[in-house]
Number of protein chains: 2
Amino acid sequence: MKYKILEKPSCEDGYDLVQEALRKKTTILIFACCKVSYEGRALSELNWGERIIMIKPDGTFLIHQEKKVEPVNWQPPKSRTRSYIKNDNLFLESHRRTPKELLTVEIRKIQFINYANIEDFEELEQAGYEKDMGDMIMEKPHMIEEGFTPTAREYSVEHGFIDILGKDSDNNLMVLELKARKAGITAVKQLRRYLQDLENTDNDYLKECESQKKKIRGLLVAPSIMDDALELLENEGIEFVSIEPPRELKRDKKVTLDAF
Amino acid sequence: MKYKILEKPSCEDGYDLVQEALRKKTTILIFACCKVSYEGRALSELNWGERIIMIKPDGTFLIHQEKKVEPVNWQPPKSRTRSYIKNDNLFLESHRRTPKELLTVEIRKIQFINYANIEDFEELEQAGYEKDMGDMIMEKPHMIEEGFTPTAREYSVEHGFIDILGKDSDNNLMVLELKARKAGITAVKQLRRYLQDLENTDNDYLKECESQKKKIRGLLVAPSIMDDALELLENEGIEFVSIEPPRELKRDKKVTLDAF
DNA sequence: GACTCAATATCGCTC
DNA sequence: GAGCGATGTTGAGTC
């Protein structure tokens with residue numbers, strides 16, 4: 001059966017449906033008056049009120065109030081759900097091992113409850129992120145400037161990773177910090193710290209640069225930059241390169257490639 | 001009416017129910033075969049498949065697949081939902097102004113659809129966070145050590161805010177960095193940066209400290225600490241104080257206080 | 001499993 | 001509305 005719905009069932013009938021749904025590994029939706037308590041990484045209590053409960057076949061457990069994107073309480077995938085009747089109420093428990101977390105829902109009045117056998121074989125295709133930008137720049141380094149040659153990606157320094165490291169046509173070292181959205185002052189500070197890290201590092205290549213009087217150029221690469229960030233960047237002698245993150249889905253790309 | 005459910009309705013009937021639900025500002029749940037596209041801060045496409053759609057009266061729009069805690073696509077509160085019929089299919093659009101974002105769902109087969117008038121006047125009560133730790137330490141400073149006196153909270157320095165600033169019994173300056181969970185190396189680095197910031201700041205009190213040969217003590221306060229963080233901390237001459245975040249709900253506290 | 005980093009992060013708070 | 005920090009962040013990739 002694809003799905004089953006019970007309207008205003010007793011807690012006992014609700015319990016039977018939950019058991020059936022868990023056995024069949026289906027997705028459960030409940031609209032009910034409930035009370036919620038959580039203990040684990042933190043501690044929380046939510047008094048009686050109506051909410052929507054969703055339990056997914058992967059163990060995910062969500063409780064939504066009528067506001068906000070985020071669930072008021074939840075458990076992550078691989079949590080174990082069990083249910084029982086106590087004092088005529090329906091209890092749902094979701095348990096996680098590491099870290100030890102327990103979510104307990106006490107239901108006293110079910111408005112409706114259902115389970116659904118979801119058939120979905122598709123995955124989200126997306127674009128427009130920092131990684132896509134990095135991929136694009138590695139493929140087409142001339143987007144940064146003529147003669148730019150990337151030499152490393154995710155290059156580790158004291159305070160983090162430099163997104164892209166490379167050389168310009170004069171063999172100056174170039175340090176690229178990528179942002180997929182409008183760059184703020186934090187992005188400039190981050191890049192500044194990486195540049196300091198590089199200067200403090202004992203690195204043969206850098207020593208060679210120094211002996212040849214090569215510069216280290218810092219470049220912030222983003223679609224746009226905030227005013228205060230631009231000011232700090234100019235004071236620090238860092239350059240700004242405006243590049244939009246690629247807005248092309250892989251599927252579109254694949255289609256384009258297939259055409260040739 | 002508290003709620004309404006339609007099983008396997010036509011897209012036209014589904015459209016009517018959506019319109020009614022939007023007018024009544026209720027929460028909508030739909031289990032249907034749909035196709036989703038999003039364009040805004042990023043870009044995404046999700047091909048035909050069955051999902052659960054939730055639209056809340058605050059404008060929140062969620063699309064859940066059968067896995068994960070996070071929705072596969074969504075819009076935040078205050079988004080505007082509209083619906084229409086095109087090519088015999090039901091379209092749902094959720095639009096946001098700033099930043100400009102559009103989520104479009106095309107539904108070709110509805111398994112069930114309902115709206116629910118949720119009554120919920122409760123808010124989540126929680127404990128076990130960094131803020132609770134700070135409150136506790138401000139109330140009971142001797143938890144840090146005998147003679148500790150807090151002087152400021154959220155004290156602003158170049159790279160951020162010092163959680164708690166204070167003095168020990170010898171009038172040495174104490175800089176506390178709080179973490180509600182196991183402290184990692186980033187917490188130590190953060191504290192180290194704040195200490196550097198303080199030393200670089202032109203501050204009368206600090207000058208006075210210097211003239212009196214007072215020290216600046218950095219303290220990382222957390223329930224526990226990772227090995228590498230402990231190593232760095234010891235090298236930096238920073239102290240570690242183990243304190244568990246308070247696990248007491250405000251309601252419990254209130255009851256306790258009322259008892260006296 | 002632990003660690004690191006990005007995210008359409010979301011959310012609450014301050015300015 | 002922008003900016004900043006915390007989050008039971010989640011999720012993905014790497015080691």
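Here is how names work: the chains are called A, B, and so on, in the same order as the sequence lines, proteins then strands, and each is numbered from 1. Just the heavy atoms: all of them, side chains too, but no hydrogens, waters or symmetry mates, feed the values below. The structure presented is a predicted model; accordingly, all values stated were derived computationally and were not measured.
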Value in whole Å for how far the [atom2] atom of [N] lies from [atom1] of [X]:
X: B:Phe61; N: C:dT10; atom1: CZ; atom2: P; result: 16 Å
X: A:Asp163; N: C:dT4; atom1: CG; atom2: P; result: 17 Å
X: A:Ile162; N: C:dA6; atom1: CD1; atom2: C1'; result: 18 Å
X: B:Leu178; N: D:dT7; atom1: CG; atom2: P; result: 10 Å
X: B:Arg193; N: D:dG5; atom1: CZ; atom2: P; result: 11 Å
X: A:Arg96; N: C:dG1; atom1: CZ; atom2: C1'; result: 12 Å
X: B:Arg153; N: D:dA6; atom1: CZ; atom2: P; result: 12 Å
X: A:Tyr194; N: C:dT4; atom1: OH; atom2: C1'; result: 11 Å

Legend entry - Electrostatic pair B:Asp163:B:Lys179 at N-O distance under 4.0 angstrom: no

Inset, instruction - Identify whether the distance between the nearest side-chain nitrogen and carboxylate oxygen of A:Lys131 and A:Asp135 falls below 4.0 Å. - result: yes

So what does [X] touch, heavy atoms closer than 4.0 Å: a base, only the sugar-phosphate, or nothing?
X: A:Glu70; value: sugar-phosphate
X: A:Pro71; value: nothing
X: A:Gln75; value: base
X: B:Pro99; value: nothing

[N] phosphate, OP1 or OP2: any side-chain N/O from [X] under 4.0 angstrom?
X: A:Arg41; N: D:dT7; value: no
X: B:Arg181; N: D:dT9; value: yes
X: B:Thr98; N: D:dG1; value: yes
X: A:Tyr129; N: C:dA7; value: no
X: B:Lys68; N: D:dA12; value: yes

Legend entry - Heavy-atom donor-acceptor pair, B:Arg96 side chain to B:Gln75 backbone, under 3.5 Å: no

Inset, instruction - Using modelled atom types only, decide if a donor and an acceptor are shared between the side chain of B:Glu93 and the backbone of B:Arg82 within a distance under 3.5 Å. - result: no

Inset, instruction - Take A:Gly40 and B:Glu154, find for each the nucleotide of DNA chain D with the closest heavy atom, and name the residue whose nucleotide sits nearer the 5' end. - result: B:Glu154

Inset, instruction - Specify the residue among B:Lys179 and B:Lys67 whose closest nucleotide of DNA chain D lies further upstream toward the 5′ end. - result: B:Lys179

Inset, instruction - Would you mind reporting whether B:Ile144 and B:Ile243 have side-chain heavy atoms less than 4.5 Å apart? - result: yes

Inset, instruction - Using the C1' atom as the reference point in each nucleotide, state the distance between C:dT14 and D:dG8 in Å, no decimals. - result: 25 Å

Legend entry - Nearest-Å distance once atom P is located in both C:dT4 and C:dT8: 22 Å

Inset, instruction - Go through C:dT8, D:dT10, C:dC3 for me and flag the one nearest to the B:Glu101 side chain. - result: C:dT8

Inset, instruction - On the 0 to 90° scale, with breaks at 30° and 60°, tag the B:Phe91-B:Tyr84 ring pair as parallel, tilted or perpendicular. - result: parallel

Legend entry - Stacked pair B:Trp74-C:dT8, distance under 5.5 Å, angle under 30°: yes

Legend entry - Stacked pair B:Phe161-D:dC4, distance under 5.5 Å, angle under 30°: no

Inset, instruction - Kindly say whether, by distance alone, the side chain of B:Glu130 makes a donor-acceptor pair under 3.5 Å with the base of D:dG5? - result: no

Legend entry - Residue met sooner reading DNA chain C from 5', once B:Pro77 and B:Leu43 are mapped to nucleotides: B:Leu43

